[in-house]
> 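Mind looking over this structure? Questions follow.
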Amino acid sequence: MRPGRIVAKAVLAFAGFIAVFPLVWTALNSLKNSVDIITRVPRVMFTPTLANISYILGRDSVITGLYNSVIACGTAVLIGVVLGLPAAYAVARYPNRWAGDIQFFVLSLRFLPPVAVAIPLMVIWLQLGLYDTLPALIVTYSLLTISVIMWLAIPAFQGVPKEIEEAAFVDGYGAYAVFWKIALPVAARSLIGAVAFSFVLVWNEFLIALMLSSSNAKTLPIVASELSQQGMNVPWGILNASVVLLSLPPLLFLGVLSGFLNSVFRQKKN
Amino acid sequence: MPRRSSLPVAFVAPTLVILLILSMVPTLYAIVIALQNRELSSTAYSWVWFSNFVDLFSDRRFVNAVWVSVKWEVVTVVATMVVAIGLGVLMFEVAAPRLRNLYCLLFIVPVLLPRVSAAFVWKFAYHPLYGIATYPYRLLTGGLIFDPLSKPSTALFAVASVDVWQWGLFFAVIVLKLLETLPPQPIEAALLDHAKRWQIHAYVTLPMLKAPLISLMFVKMIESLRSFDLIYVMTRGGPGVATETLDMYAFSQGFIESGKVSYASAMAVLMMIATVITFTMLWKRVQA
């Protein structure tokens with residue numbers, strides 16, 4: 001083997017190590033007592049403890065944050081599916097002269113700086129008496145989920161072979177039946193990827209949740225960030241445990257999302 | 001496709017109306033607020049028109065924030081693309097299919113993490129005394145202190161490294177998939193001409209991927225605007241104002257330091273105008 005290839009393999013292996021090691025280390029720290037974390041020389045051998053995790057899961061603020069995150073993100077994704085998928089299908093299959101503009105409009109929503117949306121929304125929700133409530137958060141997140149799901153679902157529907165749908169029309173299916181019974185099931189794999197992506201996006205969202213909640217509607221990222229603001233008084237093990245709890249749901253979608261990537265590029269190749 | 005169906009209208013119209021309302025109401029309202037003098041502490045306000053904007057241009061912290069934002073944008077976009085293309089090409093060259101799949105999975109992990117989690121993971125790792133990332137430095141120098149997050153000269157790069165950790169590795173996977181979609185013939189032709197492997201990529205494959213790579217860079221430019229979470233958790237804009245980007249400054253003006261909501265909104269409006277114009281122009285050029 002040439003030396004160049006060995007170096008290249010070493011660089012790759014190092015990058016793979018960097019990709020996951022910090023997270024693994026955080027997970028390890030969440031199982032440690034403080035004495036094993038606050039050490040000048042990192043400790044690999046230690047007596048594991050579940051105290052941090054049980055402390056985190058026993059705190060009301062964390063449980064409320066978890067509940068808020070699940071409800072707000074789940075509902076917003078559901079709204080995104082109900083409104084985004086049909087619209088994406090119509091844009092993909094019934095192109096008219098506005099199709100390009102619609103696509104650009106949906107994308108351009110992503111150009112808006114989150115602060116620019118969050119400040120006026122905060123004032124609006126305050127005036128409506130909905131500030132710091134889940135409905136306000138859900139409506140705001142729906143803007144995100146609808147546009148992202150639509151943006152990703154348009155190519156997914158375009159990837160469904162037209163012949164299948166045309167055959168269904170010949171068999172006497174109506175336009176809506178073709179959408180329900182043909183396009184949705186055939187494109188399902190890519191669509192699930194798009195929906196999972198939108199969930200990860202709102203689950204990870206921070207700035208809008210920070211500005212639209214003060215106590216009742218705090219989502220998990222906000223609760224986690226607050227734990228750290230008490231400085232070093234909070235044992236690191238507990239902080240690490242909260243980071244692990246926050247990171248687990250998006251990581252559950254790792255398989256789905258990497259499958260989604262593969263199917264997108266396989267489609268490109270053919 | 002049937003010509004006459006109610007489906008396109010029935011499917012698109014409600015969604016578009018809702019998207020328009022959800023996006024236009026806050027956008028227009030942001031402009032309205034920016035022309036007033038609202039504060040968090042009271043509900044009274046009056047119209048001050050453009051005085052917030054005039055004040056901004058003589059506000060040295062605002063000018064600093066613009067500069068930090070531009071620096072953040074350039075550093076993260078360039079570094080992400082360099083890492084992505086570098087690792088993507090390396091995977092394409094030396095990793096067997098099975099290993100490629102493993103690397104792809106590993107490289108997607110960081111981008112899935114909430115920014116808040118990523119920020120915490122690295123804030124711990126960069127801790128000068130107990131951090132895992134500063135440990136090699138302590139080991140090699142016999143216990144010297146290196147505190148990247150509290151030195152003005154390194155803080156921005158330390159935070160940017162987390163952003164590149166998330167996006168650069170993820171984009172490396174996409175670059176690899178793009179390389180895999182290329183037809184093999186041009187590469188074989190170049191090999192027959194005794195081209196070196198790096199020459200093949202520099203002169204054949206990467207130029208063939210110019211369009212998707214530019215799109216990728218465009219996506220990263222948009223995502224780099226969302227730096228707030230990382231900076232908020234890792235440095236709060238500090239030390240001093242070394243990492244205070246526009247959204248961080250707008251947030252602290254509006255909510256932490258003085259509660260000047262209108263002043264913050266004026267900043268947000270300027271930011272919005274700048275990004276919408278820039279990205280619309282870029283997008284039209286990418287599409288052309």
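All chains are named by letter (A, B, ...) in the order of the sequence lines, taking the proteins before the strands, and each is independently numbered beginning at 1.
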> Over 60° means perpendicular and under 30° means parallel, so tell me whether B:Phe218 and B:Phe279 are parallel, tilted or perpendicular.
perpendicular
> Chain B heavy atoms under 4.5 Å from A:Leu126: which part of the residue, side chain, backbone, both or neither?
neither
> Specify which of A:Leu257, A:Thr140, A:Ile222, A:Ile119 makes the most heavy-atom pairs with chain B at under 4.5 Å.
A:Ile119
> Is A:Ala13 close to chain B through its backbone or its side chain, or both, or neither, when contacts mean heavy atoms under 4.5 Å?
both
> Just give me the residue among B:Gln166, B:Arg38, B:Lys177, B:Met267 that pairs up with chain A most often, heavy atom to heavy atom, under 4.5 Å.
B:Lys177
> Which atoms of B:Leu102 come close to chain A, meaning under 4.5 Å heavy atom to heavy atom: side chain ones, backbone ones, both, or neither?
neither
> Give a yes/no verdict on a cation-pi contact between B:Lys220 and B:Phe170, requiring under 6.0 Å between NZ or CZ and the six-membered ring centre and an angle within 45° of the axis.
no
> Taking side chain as everything from C-beta outward and backbone as N, CA, C, O, which of these in A:Ile18 sits under 4.5 Å from a heavy atom of chain B? Side chain, backbone, both or neither.
both
> I'd like to verify something: which residue of B:Met91, B:Met271, B:Arg226 has the highest number of heavy-atom pairs under 4.5 Å with chain A?
B:Arg226
> Is the distance from the ring center of A:Phe14 to that of A:Phe21 below 6.0 Å?
no
> Let's test your reading of the structure: which of B:Val12, B:Leu106, B:Asp229, B:Leu105 forms the most heavy-atom pairs below 4.5 Å with chain A?
B:Asp229
> Are B:Ser5 and A:Tyr94 close enough, and set up right, to give a side-chain hydrogen bond (donor to acceptor under 3.5 Å, both in side chains), and what steps lead you there?
CA-CA 10 Å; B:Ser5 166; A:Tyr94 297 84; 4.7 Å; no
> So which residue, A:Phe104, A:Phe197, A:Phe179, ends up with the most heavy-atom pairs under 4.5 Å with chain B?
A:Phe104
> Is chain A contacted by the side chain of B:Val32, its backbone, both, or neither, given a heavy-atom distance below 4.5 Å?
neither
> What part of B:Leu99 gets closer than 4.5 Å to chain A, counting heavy atoms only: side chain, backbone, both or neither?
neither
> With a 4.5 Å cut-off on heavy-atom pairs, point out which of B:Tyr135, B:Phe107, B:Phe251, B:Trp122 contacts chain A the most.
B:Tyr135
> Find the one option among A:Val91, A:Val123, A:Val200 whose heavy-atom pairs under 4.5 Å with chain B are most numerous.
A:Val123
> Ignoring hydrogens and geometry, is there a side-chain-to-backbone donor-acceptor pair from B:Ser224 to B:Met221 under 3.5 Å?
no
> Determine yes or no for a side-chain-to-main-chain donor-acceptor pair under 3.5 angstrom, with B:Arg115 supplying the side chain and A:Asn204 the backbone.
no
> Among A:Asn240, A:Val139, A:Val244, A:Leu261, which residue forms the greatest number of heavy-atom pairs with chain B at distances under 4.5 Å?
A:Asn240
> Quick one: does any side-chain atom of B:Thr134 pair with a main-chain N or O of B:His127 as donor and acceptor, under 3.5 Å?
yes
> Using a 3.5 Å distance criterion without hydrogens, assess whether the side chain of A:Ser247 forms a donor-acceptor pair with backbone atoms of B:Leu113.
no
> Between the side chain of A:Glu205 and the main-chain N/O of A:Leu207, is any donor-acceptor distance below 3.5 Å?
yes
> Quick one: is the NZ or CZ of B:Arg236 closer than 6.0 Å to the six-membered ring centre of B:Tyr232, and within 45° of its axis?
yes
> Using a cut-off of under 4.5 Å on heavy-atom pairs, state which of B:Val276, B:Thr280, B:Val9, B:Leu87 scores highest against chain A.
B:Thr280
> Please flag which part of B:Ala264 lies under 4.5 Å from any non-hydrogen atom of chain A: side chain, backbone, both or neither.
both
> Under a 3.5 Å distance rule, please check whether A:Asn96 uses its side chain to pair with a backbone N or O of A:Ala99 as donor and acceptor.
yes
> With only heavy atoms counted, which part of A:Ser258 is less than 4.5 Å from chain B, the side chain, the backbone, both or neither?
both
> With respect to chain A, which residue among B:Leu169, B:Thr275, B:Leu129, B:Val83 yields the maximal number of heavy-atom pairs within a distance under 4.5 Å?
B:Leu129
> When heavy-atom pairs shorter than 4.5 Å are enumerated against chain B, which of A:Pro114, A:Ala90, A:Ala116, A:Ala19 gives the highest number?
A:Ala19
> Is A:Ile102 close to chain B through its backbone or its side chain, or both, or neither, when contacts mean heavy atoms under 4.5 Å?
side chain
> Think B:Lys123 forms a cation-pi with A:Trp236, using NZ or CZ under 6.0 Å from the six-ring centre and within 45 degrees of its axis?
no
> Examine whether an atom of A:Phe17 lies under 4.5 Å from a heavy atom of chain B, and if so say whether it belongs to the side chain, the backbone or both; otherwise answer neither.
neither
> Looking only at heavy atoms and a cut-off of under 4.5 Å, which of A:Pro221, A:Ala8, A:Pro22 has the most pairs with chain B?
A:Pro22
> CZ of A:Arg93 to NZ of A:Lys162: how many Å apart, nearest 0.5 Å?
5.5 Å
